[in-house]
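The next block holds one structure in the form of structure tokens; read it before the comments.
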Amino acid sequence: MDATVEQFPPHRKHDTHDEHAHHDAGFWRGYVFSSDHKIIGIQYGFTALCFMLFGFFLMLLMRWQIAHPQQPVPLGIGWLLEKILGNVAAGGAISPDLYNSFGAMHGTIMVFLGIVPLAFAAFGNYVVPLMIGAPDMAFPRVNMASYQAYFLGGVVMFVSFFIPGGAAQAGWTSYSPLATSIPTHGQLFWIIGMVLLISSSLLGAVNFIATIIQLRAPGMTWMRLPFFVWAQLITAFILLLAFPPLEAAAVMQLMDNVVHTSFFLPTGLAVSGNLAHISGGGSPLLWQHLFWFLGHPEVYVLILPAMGIVCEIIACNTRKPMWGYKSLVYAVLAIGFLSFIVWAHHMYLTGMGTKISAFFQATTMIISIPSVIILTCLFITLWGGSIRFNTPMLFALAFLPMFGIGGLTGLPLGFNASDVYLHDTYYIIAHFHYVVAPGTIFGLFAGIYFWFPKMTGRKMNEFWGRMHFWCSFIFMNLVFMPMFAQGMKGMLRRMADGGANYSAARVPNAMDTLPTSIMELHVWILWAAIALGIAQIPFIINLFWSIKHGEKVGDNPWESTTVEWQTPTPPPHGNFAHAPQIYRGPYEYSVPGHATDFTPQTEPENVPSPKISPVPIAH
Amino acid sequence: MKTVAQPDLQEHPVEFKSYVRTCIYVFIAILCATGLMIYASFLPHYSWAVKVSLILAVACGNAFVVAGFLMHLISEKKMVYMVLGFTVMFVAGLFWLTLYAMQDFPAGTTH
Amino acid sequence: MEIPYTIQPRPDTGIYNAKLGIWLFLASEVMLFGGLFSGYVLLRVGAPDGYWPHGWLDVRFGTANTIILALSAITTLLAWAACKVGQFGKFKFFHACTLALALSFLCVKMYEYHDKWIHYEIKLTDGTFADGHLVEKSTDFNLAKKIGSVTLHGRIVNDETLLYDLRSQKNIKLDEVTVKAADITSMENYGPWHNTYLALYFTLTGLHALHILGGSIVIGYLWGPGRKMWKTNPQQFTNRIEVSGLFWHFVDLVWIFLFPVLYLT
């Protein structure tokens, strides 16, 4: 029995006033200044993917510089850089200042303009209201404002590359006093961009929490929510409470930059050999505390939505309920709470005493427990399942070991003693990239392939999807795995020459220099990164081509139980004619005695149809 | 204190007087708290640490009155003000934690 | 399908959507001001002894502002109560009071900022400090060229720490003090650049004043063009007054902590 017929008759005689307004909306109100959560979700997704591509390109330029220091970038790119950016790219080579700005902006763009908008805002906006049976988000116009603030913030960040002096150079962490001492305006643009992005996230977070609490359909109790919704709820709470201290710190750093206050500038600060004309009395540590107070919860913002997506895809493609649903929920709640009290593990080398370091070390170790619980539940769900190896499932499956590697390599970093050695080395880069790049990004790719049919009514091409998967999987590992070795050998982060100054080749008779074998890895990593970039081309083509030419499918091609699949495709404005009634939990797959191997949440109890074999769904 | 569940436009005008009464009491409480804080800050024979603790305690009481009555937190569901109360404690804990972090130094180092 | 619970509260939470939304937003604002307050705490605790200012702000202005804001919080609540009982005339009156009180708060604040702006600390070549409010600069005053003079209503001290803790000094005598440009090493007014305490003062009260301004704009809109909704949807209008009132009370709450922290300690 087709649940969608119940919810929304095909002949819509009685359009609501809103629908009429929407039908009559032109291009601008309908697609650009829309307050419909689905359009906003797609806007976020598209913009975020563009920024991710840009951030990827910045990374390629950096990897070139690391592998071939001071050599002009080939294929005319160096020439183009010099034309656009001038002196900093003299001769087509990337100067150290330019490298630093690429590094700072790669981090900022990937985290704040790429992953968070895609994972939280794009998927959340499109899917969450549908999953809980709501007509839209609680505050649609605030939703639109939140996208516009994000877009503006992105424009400010992008434009900062082209101002005299270029973009911010002080890392994505923008530590004072360096951030205030750099005499160009890039840092100012960075701060303004960050304030806009933070405001966007705050508005979005308010919207998500209010929607999930207030707009759940009748029968959708807390323990019947799909895990993806729980993950988004916790993510929203983290954003709501962790971002404002960074906004406060950004305001203070703005004051330091523009008005010459000394919030973060210590007494006796000297810049370029001269005593700075400041009042002093500030504390660089204060910036670090305020930054990392956001910075650590931020990484949970990066991972939780992806965990949610992977959970939905695994449940659907193993035709089994999630193992340990309650454990998953309590674990994600614990992660949300604990993420606020671990931040100083990013600051072990700032001279904190043993007592406070022990505290943060303990909480950091404790927070690994709920993460392991979530991963364990996902793994155990696979046991005994009828696994369907479609493209979303491949990405979701790969997420598990990749996040496992990322998470486990975080343990030596959580311990104060080992972190003293590993801090600011390539080991850290490898660790967090494993969690975010083959971790979160694979989860997001999985989500794109999974929910594409709901947005467009067509599936993406399966062959090219698998190509995309295998190439990405192999090359991601080839890019990041060597970095663990480099980090353990002592190679530090943010070195524009890739460590050449500390290499055995440069300084032959000194102890503990970087051996040639380690330095040679740079070239391998560069080639792997280029191959990784090439591997994304089929994905981009597939994405756009499939919108018009992909294989047509029905409303629920994956035979999923959750509510978003029980709507027409694409869901109309207002999503449902009347509030759907929810009868059961989200993962009723392979229920014994039932005719079909899945029972949608919206299907009423005691329906006579189980005796009749259902019309087979074509895919 | 009035509950806020249903805005009811047919209410007796007498109800408005009860709002006025509450407001007057709250205003007097705020004035007293302010006066107390000013008095405490000018006390001559105490250290700043003692005075600051006293003043902040009064300020917290003042805040409670504003939040409880003017923002009618008291008439919301118990869950709401328990959650908010927990948040307040949490924030206070975070303040303390950051302060402690800045004060804890490795032995034998200069700072 | 319309979005539910925009006016009627949801049974299990007991509130309507916008109220939950504003409380969530206020929670984030608590963290915002909390971040700034934590900066205050850390910078004050870390300051060397004797160099943290006390008594640089006039308690009378602060008290006046406290009373103004407390009154405006009361009138906001009464405006909402008037809407609830259907007395639109009373609403208009109380809402106008709130707006007027908000604007007077900002006026007092601007006066206080100006007072700091014209307050100078001048380091003299003989190691002493002249400190006071600017009376006049001589017409030919040029600090770089060392010509002219400047007159302050203040005092000259030998020990800079005397300029910090004003509370512990009884009967500070202030006079007209004229200083020649040739004797000046450096001259700076009491802006945010002068001292971390002032940086915190201007940032905290500046951000607070921005919130007052924003709140005033919303209140002004609801009192003015926005009041049309009373005729078409009085319940939703009442909710809007309540939600904006909650924001306004929060702004008052922040001031309840700002006043003692900045003025009294």
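Heavy atoms only: backbone and side chains are in, while hydrogens, waters and symmetry mates are out. In what follows, chains are A, B, ... by sequence order, proteins preceding strands, each numbered from 1.
- Among L215(A), D136(A), V251(A), the residue making the largest number of heavy-atom pairs under 4.5 Å with chain C is L215(A).
- Q214(A) places a side-chain N or O within 3.5 Å of a backbone atom of I15(C) that can act as its donor or acceptor partner.
- What you find for I3(C) and A138(A) is that their closest heavy atoms are CD1-O, 4.2 Å.
- With values rounded to the nearest 0.5 angstrom, L32(C) atom CG is found 10.5 Å from L246(A) atom CG.
- Across all their heavy atoms, L24(C) and F237(A) have their closest contact at CD2-CE2, 4.2 Å.
- For the pair G280(A) and T196(C), the tightest heavy-atom approach, listed with the atom from each and the gap, is O-CG2, 3.5 Å.
- Using a 4.5 Å cut-off between heavy atoms, F293(A) touches chain C through its side chain atoms alone.
- Atoms NE2 and CD, from H277(A) and E188(C) in turn, are 10.5 Å apart once rounded to the nearest 0.5 Å.
- Both the backbone and the side chain of L200(C) come within contact range of chain A, with heavy atoms under 4.5 Å apart.
- Of residues 37-48 of chain C, those residues with a non-hydrogen atom less than 4.5 Å from any non-hydrogen atom of chain A are, in numerical order, S38(C), G39(C), L42(C), L43(C).
- Taking CZ of F25(C) as the start and CG of L240(A) as the end, the distance is 9.5 Å to the nearest 0.5 Å.
- With a 4.5 Å cut-off on non-hydrogen atoms, L241(A) touches chain C through its backbone and its side chain both.
- Pairing each heavy atom of S28(C) with each of L202(A), the nearest pair is CB-CD2, 4.0 Å.
- Counting heavy atoms from C-beta on, the side chains of M252(A) and L36(C) come closer than 4.5 Å.
- Within the 4.5 angstrom heavy-atom criterion, only side-chain atoms of P140(A), from C-beta onward, approach chain C.
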Would R216(A) and D12(C) count as a side chain to side chain contact (heavy atoms under 4.5 Å, CB included) if you check the C-alpha gap in whole Å, the side-chain angles of each, and the deciding distance to 0.1 Å? CA-CA 11 Å; R216(A) 282 167 295 136; D12(C) 59 355; 3.8 Å; yes

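- For I213(A), the parts lying near chain C are the backbone and the side chain together; criterion is any non-hydrogen pair under 4.5 Å.
- Heavy-atom neighbours of F141(C) CZ from other residues, nucleotides or ligands within 6.0 Å: above the threshold of 12.
- For V259(A), the parts sitting under 4.5 Å from any heavy atom of chain C are the backbone and the side chain alike.
- Here the closest non-hydrogen pair linking M1(C) and H578(A) is SD-C, 3.8 Å.
- Only the backbone of N195(C) comes within contact range of chain A, with at least one heavy atom under 4.5 Å from a heavy atom of that chain.
- Other residues, nucleotides and ligands place more than 12 heavy atoms under 6.0 Å from the NZ atom of K109(C).
- Note: M31(C) CE to L294(A) CG = 10.0 Å, rounded to the nearest 0.5 Å.
- Scanning both residues, E2(C) and P135(A), for their nearest heavy atoms gives O-CG, 3.5 Å.
- Between S279(A) and H194(C) the shortest side-chain heavy-atom distance does not fall below 4.5 Å.
- The contact between F263(A) and chain C is made by backbone and side chain atoms together, counting heavy-atom distances below 4.5 Å.
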